[in-house]
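One structure is given here, and the rest of the page talks about it.
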Amino acid sequence: MTEPASNFLRTIVADDLKSGKHDTIVTRFPPEPNGYLHIGHAKAICVNFGLAQEFQGQTNLRFDDTNPEKEEQAYIDAIEEDIRWLGFDWQGDVKFTSDYFDTLYEYAVHLIKNGDAFVCDLSAEQMREYRGSLTEPGKESPFRQRSIEENLELFEKMKNGEFADGACSLRAKIDMASPNINLRDPILYRIRRAHHHQTGDKWCIYPSYDFAHGQGDAIEGVTHSLCSLEFEDHRPLYDWLIEHLPVPSKPRQIEFARLNVNYTVTSKRKLKRLVDEAVVAGWDDPRMPTISGMRRRGVTPAAIRKFIDMSGISRAVGTTVDLGMLESAIRDDLNDNAPRAMAVLKPLKVILTNLPEGHTQVVTQPVHPQKPELGEREIPFSREIVIDQADFNEDSSLSKKKFKRLVPGDYVRLRGAYIIKAEGFSKDDDGNITEIQATVVEGSVGENVEGIKPRGVIQWVCANAGVPATVRVYDRLFDHETPDKGDNDFMDHLNPNSLEVIKGCLVEPGLAQASPEQGFQFEREGYFVADRFEHSENHLVFNKTIGLRDVWERKA
RNA sequence: UGGUCCGUCGCCAAGUGGUAAGGCAACGGGUUUUGAUCCCGUCAUUCGCAGGUUCGAAUCCUGCCGGACCAGCCA
């Protein structure tokens with residue numbers, strides 16, 4: 001266990017605990033249930049849950065459901081599942097901002113009574129005009145001076161459904177000349193006759209994010225309300241509301257930079273387009289940066305957590321983490337934990353001519369070479385086996401250094417079995433190699449043989465006992481580092497080779513017992529996972545999670 | 001050009017006045033029945049730039065330069 005890296009959030013929390021400002025901390029993860037979680041959310045989850053865990057605090061899951069028109073129960077279910085899968089659990093029941101609608105309404109009345117809020121009849125368009133611009137101050141609404149009594153009455157009528165949607169709104173009375181536009185009498189409540197997934201038709205007015213979020217934090221006793229940098233400009237409003245309302249606690253909002261990863265997009269709108277236009281098979285397509293997509297790809301929760309941990313937390317904007325870092329975290333976890341197996345993706349038959357017809361035997365290999373305690377697996381071997389087409393080359397002049405695989409007249413080690421020598425090969429009319437004739441070196445199973453230096457080690461599968469499988473090989477979805485930056489239309493940068501479906505693969509028999517979502521290392525190929533939904537004992541389907549690190553390929 | 005924030009190795013990122021951590025990548029070498037893993041080593045005299053304060057600055061001050069965010073009755 002290494003020391004957790006220092007970061008400013010940890011420092012703030014540690015100081016608050018040390019100074020006695022707080023005895024324990026409470027964080028929250030506040031998704032809006034209007035879409036699926038992706039790698040960016042994974043950071044928010046890991047930061048909020050991770051920080052609380054580290055300091056023995058607690059984390060609430062609170063759905064920020066103040067905009068019923070965009071939200072759905074289905075997203076709530078999916079989000080809960082993703083968070084649990086990532087390995088986190090929230091304190092107590094799932095919470096909803098809508099749980100506090102009654103209190104929020106009272107808070108609004110409180111503000112009105114203190115002369116800090118008013119009902120404004122300006123239309124959306126007029127309000128925009130009155131708001132001013134980034135460089136010019138706004139103008140005060142003509143309704144700003146309404147009496148407290150009138151505002152109270154009007155607000156109640158808003159609640160009672162006596163006005164049409166959009167006819168008026170409740171606004172905080174702050175400062176129309178503020179250089180921070182969020183302080184120019186921001187909207188607190190709007191009229192919206194929409195059925196809410198939690199509160200049904202009880203309300204026709206809904207609080208804005210600004211009016212709901214901080215108060216929700218305060219009600220729950222959240223101590224550190226962590227959010228992304230774009231909410232920085234909202235902090236003065238967050239604090240203003242906390243100061244002007246009789247809330248039970250004073251949470252502190254702290255912003256940190258969101259996660260960007262190159263070669264991927266995370267905007268909800270863009271991901272939806274990939275799904276809608278059938279570029280991918282769905283939100284959980286293994287190429288998607290969604291939690292469910294990565295899960296189906298075979299990425300483990302531990303790998304995601306490790307990646308988030310590696311990429312750090314800061315306030316630096318516009319930074320982009322290299323996808324290679326994610327891949328490294330994935331390999332690191334899978335290398336440690338994935339059982340090994342042999343699979344031949346593109347089979348080429350090898351006849352071992354010096355073995356008798358019908359010869360069969362069983363060889364054993366460790367489940368994991370670095371973890372003998374995991375036991376061994378038995379692998380049938382016979383006179384006819386298959387190796388990968390890429391592991392044979394008819395050009396025997398290839399140097400041993402350049403091609404550490406099988407070549408006519410030379411030796412190669414079959415992993416866990418014999419050293420063999422290629423004696424000859426056959427071709428079809430099109431010039432494709434169809435079969436290799438080879439001989440085994442007697443006594444070479446598990447033993448080195450004096451005077452014979454195989455060029456390398458290759459995987460193999462028994463031609464008869466091997467089990468057929470379908471393997472899907474995935475690559476990055478985009479071939480551009482920043483597919484959606486600047487003038488780029490991300491749809492122009494799709495990698496045309498992001499999916500290759502290989503049928504007719506042959507895998508070692510033990511793999512027929514693989515259960516969905518079980519991950520393996522197919523030796524010399526990479527990490528693969530039995531598909532969560534389409535894999536079965538009778539129809540093996542594996543998704544490639546990530547290849548092995550390959551210095552050779554990069555040099556070539 | 002109103003405001004807020006940010007700029008430390010190719011990419012992340014520590015460091016907050018005492019003389020540049022770490023990870024990813026890259027590059028050498030060793031071990032190896034996975035061209036994997038593992039191990040060892042190399043990789044910022046310099047912290048956007050220019051001044052200033054100080055015995056001493058990435059850290060403080062000033063001015064530039066570059067980038068991000070904000071004008072939804074979205075979150």
Side-chain angles (χ1 to χ4, degrees), chain A residues 2-3 5-8 11 30-32 34 64-67 69-70 120 122-124 127-128 131-138 165-171 178-184 186-192 205-206 208-210 212-213 227-236 255 257 259 262 307 309-329 331-332 335-336 340 342 365 369-370 401 403-405 413-417 419 444-448 454 456-459 521-526 547-556:
Chain A
T2 49
E3 271 296 292
S6 166
N7 70 56
F8 76 102
T11 305
E32 184 186 11
N34 71 342
D64 224 338
D65 56 350
T66 56
N67 189 5
E69 287 169 322
K70 293 186 175 177
C120 183
L122 250 29
S123 68
M127 208 172 286
R128 196 178 315 123
R131 190 154 36 225
S133 72
L134 294 176
T135 52
E136 299 158 313
D165 283 14
C168 54
S169 60
L170 182 74
R171 295 223 262 164
S178 172
N180 181 341
I181 291 179
N182 293 301
L183 261 22
R184 317 242 262 230
I187 285 183
L188 270 21
Y189 263 97
R190 68 276 209 197
I191 305 173
R192 187 125 318 163
I205 58 172
Y206 291 96
S208 63
Y209 162 84
D210 286 305
H213 201 94
C227 62
S228 50
L229 254 18
E230 65 261 36
F231 290 100
E232 204 161 353
D233 291 340
H234 292 249
R235 182 158 24 99
E255 313 83 22
L259 173 69
N262 60 12
F307 167 61
D309 207 50
M310 283 166 80
S311 56
I313 306 166
S314 78
R315 289 177 58 85
V317 295
T319 56
T320 303
V321 175
D322 197 316
L323 221 210
M325 211 188 275
L326 206 212
E327 297 178 341
S328 168
R331 288 193 184 102
D332 193 55
N335 175 55
D336 273 356
R340 311 284 123 127
M342 288 197 285
Q365 275 289 277
Q370 275 81 239
K401 187 150 195 191
F403 193 71
K404 302 172 78 165
R405 311 172 188 190
R413 157 76 67 182
L414 294 178
R415 163 133 261 220
I419 292 173
S444 63
V445 177
E447 304 288 340
N448 287 325
V457 182
I458 63 174
Q459 80 276 20
Q521 182 197 104
F522 289 173
E523 289 188 291
R524 297 211 318 132
E525 290 286 354
L548 256 24
R549 185 162 165 270
D550 188 351
V551 273
W552 183 248
E553 189 176 68
R554 275 179 291 160
K555 281 180 181 171

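Here is how names work: the chains are called A, B, and so on, in the same order as the sequence lines, proteins then strands, and each is numbered from 1. It should be emphasised that the depicted structure is a prediction, and the values quoted were computed from it without experimental measurement.
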Checking all strands, does A/Arg131 fall into the base, sugar-phosphate, or nothing category for heavy-atom contacts under 4.0 angstrom? sugar-phosphate
With a 4.0 Å limit, can you tell me whether A/Ser6 has a side-chain N or O closer than that to the phosphate oxygens OP1/OP2 of B/A21? no
Classify the nucleic acid contact of A/Ala124 as base, sugar-phosphate or nothing, counting any heavy atom under 4.0 Å across all strands shown. base
Nearest to the side chain of A/Ser311, heavy atoms from C-beta on, is which of B/U34, B/G67, B/C12? B/C12
Atom pair distance, as rounded to whole Å: CZ in A/Arg415 and P in B/U32: 14 Å
Please tell me which of the listed nucleotides, B/A71, B/C24, B/U37, lies nearest to the side chain of A/Ser328? B/C24
Is the shortest side-chain N/O distance from A/Arg190 to OP1 or OP2 of B/A75 below 4.0 Å? yes
Within a strict 4.5 Å, meaning less than it, do heavy atoms of the A/Ile181 and A/Arg131 side chains meet? yes
Taking any heavy-atom pair under 4.0 Å as a contact, classify A/Arg413: base, sugar-phosphate, or nothing. base
Closest approach to the side chain of A/Asp550, judged atom by atom: which nucleotide of B/C74, B/G35, B/C5 is it? B/G35
Whether A/His234 and A/Tyr209 hold their rings parallel, tilted or perpendicular, with breakpoints at 30° and 60°: perpendicular
When we call it a touch if two heavy atoms are under 4.0 Å apart, what does A/Ile187 touch: a base, just sugar-phosphate, or nothing? base
Secondary structure string for RNA chain B (Watson-Crick or G-U under 3.5 angstrom, | for other-strand pairs): .(((((((.[[[..)..(...]]].(((((.......))))).....[[[[[..)....]]]]])))))).....
Within the 4.0 Å heavy-atom criterion, would you say A/Ser123 contacts the bases, only the backbone, or no part of the nucleic acid? base
Could you give the CG-to-P distance, from A/Leu183 to B/U4, as a whole number of Å? 12 Å
Considering non-hydrogen atoms only, spot the tightest contact between A/Cys120 and A/Met127 and give its length. SG-CE, 4.2 Å
Considering only atom C1', compute the distance from B/C60 to B/U53 and round it to an integer number of Å. 8 Å
In terms of heavy-atom contacts, A/Asp233 and A/Asn182 come closest through O-ND2, 3.0 Å
Please determine whether a side-chain nitrogen or oxygen atom of A/Arg549 lies at a distance below 4.0 Å from atom OP1 or OP2 of B/U34. no
Sugar-phosphate, base or nothing in reach of A/Arg192, heavy atoms under 4.0 Å: base
Let me know the distance between CG of A/Leu323 and P of B/C24, rounded to the nearest Å. 16 Å
Is any side-chain heavy atom of A/Cys168 closer than 4.5 Å to a side-chain heavy atom of A/Ile191? yes
Would you say the base of B/G2 and the side-chain of A/Asn180 have a donor-acceptor pair closer than 3.5 Å? no
Integer-rounded Å distance: B/C74 P and A/His234 NE2: 13 Å
Answer with base, sugar-phosphate or nothing: what part of the nucleic acid does A/Gln370 contact at a heavy-atom distance below 4.0 Å? base
Side chain of A/Asp332 - closest among B/C38, B/C73, B/C70: B/C38
N or O in side chain of A/Arg331 less than 4.0 angstrom from B/A36 OP1/OP2: no
Looking for any heavy atom pair under 4.0 Å, which part of the strands does A/Asn335 touch: base, sugar-phosphate only, or nothing? sugar-phosphate
Report the glycosidic orientation of B/G72: syn if within 90° of 0, anti in every other case. syn
If the cut-off is 4.0 Å, is A/Thr320 near the phosphate of B/C11, judged by side-chain N/O to OP1 or OP2? no
B/A14 to B/U54 separation - P atoms, rounded to the nearest Å: 32 Å
Indicate, with a heavy-atom threshold strictly under 4.0 Å, whether A/Leu188 touches base, sugar-phosphate, or nothing. nothing
Are A/Glu232 and A/Arg315 within salt-bridge range, i.e. N to O under 4.0 Å? yes
Donor-acceptor under 3.5 Å (A/Ser328 side chain, A/Gly324 main chain): no
Modelled atom types, side-chain donor and acceptor of A/Glu447 and A/Ser444, under 3.5 Å: no
Considering only B/G2, B/A13, B/A75, which nucleotide approaches the side chain of A/Pro179 most closely? B/G2
Assign A/Arg128 to base, sugar-phosphate, or nothing according to its heavy-atom contacts below 4.0 angstrom with the strands shown. sugar-phosphate
Looking for any heavy atom pair under 4.0 Å, which part of the strands does A/Ser169 touch: base, sugar-phosphate only, or nothing? nothing
To the side chain of A/Lys404, which of B/G35, B/C74, B/G2 is closest? B/G35
Under 4.0 Å, counting only non-hydrogen atoms across every strand here, what does A/Gln521 touch: a base, just sugar-phosphate, or nothing? base
Choose from B/A68, B/G35, B/C12 the nucleotide whose nearest atom is closest to any side-chain atom of A/Met325. B/C12
Between A/Asp336 and A/Val317, just flag the one whose closest nucleotide in RNA chain B comes earlier from the 5' side. A/Asp336
Name all residues meeting the side-chain contact (heavy atoms from CB on, under 4.5 Å) criterion together with A/Val321; count only those two or more places apart in sequence or in a different chain, and write none if there are none. A/Leu259, A/Phe307, A/Ser311, A/Met325
Give one of base, sugar-phosphate or nothing for A/Ile419, where a contact means two heavy atoms less than 4.0 Å apart. nothing
Classify the nucleic acid contact of A/Gly416 as base, sugar-phosphate or nothing, counting any heavy atom under 4.0 Å across all strands shown. base
Considering only the C1' atoms, how many Å lie between B/C73 and B/G51, rounded to the nearest integer? 50 Å
Pairwise C1' distance, B/C5 and B/A50 [rounded to whole Å]: 23 Å
Could you check A/Glu255 against A/Arg235 for salt bridge (charged side-chain N to carboxylate O under 4.0 Å, His left out), going step by step and ending with a plain yes or no? CA-CA 9 Å; A/Glu255 313 83 22; A/Arg235 182 158 24 99; 2.6 Å; yes
Among B/C24, B/A13, B/A75, which nucleotide sits nearest the side chain of A/Thr319? B/A13
Which nucleotide in B/C24, B/C74, B/A14 has an atom nearest any side-chain atom of A/Lys70: B/C74
Which of A/Glu523, A/Arg415, A/Arg524 passes side chain to side chain donor-acceptor pair (under 3.5 Å) with A/Gln459? Answer is A/Arg524
Between A/Trp552 and B/G35, do the rings stack, that is, sit under 5.5 Å apart with planes less than 30° off each other? yes
